[in-house]
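Data block below; observations after.
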Amino acid sequence: MTTPRVVPPHAPPAERGATRIADRVVAKIAAQAAREALAAQPDGSPRPAGAPGSAGAAGGQAAPHATVTVHHDIARVRVSLELDYPSDLAARCAAVRSRVVRLVEEYAGMSVPEVDIDIEHLHSAHTRTAALRDRKLR
């Protein structure tokens, strides 16, 4: 004969278990936030797809990539970008940092004390025009 297990009627949420969000999930959130920040114009409105300054392959640039290290509820983020030149690099990086912090905090519930940004390539109008011309010739 077995005795039935007694389960408390309603255990508080903190006693039910834990939720762990993988580093790669937080990295995807951060990369998407960076894409969104780069796709927005300085006034906050979206840039047309393929327009100079838009993020991703359509604009001739690789999409932002993020790596994240999570310890407890603290995420340290590194984002790799390609940006147009000339442009206000500091303002673009500040917009990326701000959006990454906001969305990681909002979606993952983690604090983000730092966002390191690596600018891997700068694309001048000349190289962007040449890349578009080469794409059309293929």
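The distance from the OG1 atom of T67 to the CG atom of D118 is 8.0 Å, given to the nearest 0.5 Å. With rounding to the nearest 0.5 angstrom, the NE2 atom of H72 is 11.5 Å from the CE atom of M110. In this structure, L122 CG and E82 CD are separated by 9.5 Å, a value rounded to the nearest 0.5 Å. Put simply, NE2 on H65 and CZ on R35 are 11.0 Å apart, with the number rounded to the nearest 0.5 Å. A distance of 8.5 Å separates CZ of R99 from CD of Q32, quoted to the nearest 0.5 Å.
Y107 and V25 fall within the same hydrophobic cluster, where Ile, Leu, Val, Met, Phe, Trp and Tyr residues are linked whenever their side-chain heavy atoms come under 4.5 Å apart, directly or through other members. One hydrophobic cluster holds both V100 and I119 under the rule that ILVMFWY side chains link at heavy-atom gaps under 4.5 Å. By the criterion of side-chain heavy atoms lying less than 4.5 angstrom apart, applied directly or through intervening Ile, Leu, Val, Met, Phe, Trp or Tyr residues, I74 is not grouped with V79; the two fall into different hydrophobic clusters.
Between V115 and R97, the shortest heavy-atom contact is O-NE, 3.0 Å. Of all heavy-atom pairs between A66 and A30, the closest is CB-CB, 3.8 Å. In terms of heavy atoms, P113 sits closest to A75 at CD-O, 3.4 Å.
Each of T69, I29, V68, D116 was compared with V77 under the side-chain contact (heavy atoms from CB on, under 4.5 Å) criterion, and only V68 meets it.
A donor-acceptor pair is defined here as one N or O able to donate and one able to accept, closer than 3.5 Å; such a pair exists between the side chain of R92 and the backbone of L38. For the pair E120 (side chain) and S80 (backbone), a donor-acceptor distance under 3.5 Å is absent.
Counting non-hydrogen atoms of neighbouring residues, nucleotides and ligands closer than 6.0 angstrom, the CZ atom of R24 reaches no more than 12 such neighbours.
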* **Test side-chain contact (heavy atoms from CB on, under 4.5 Å) applied to V96 and I117, step by step** => CA-CA 9 Å; V96 168; I117 296 183; 3.9 Å; yes

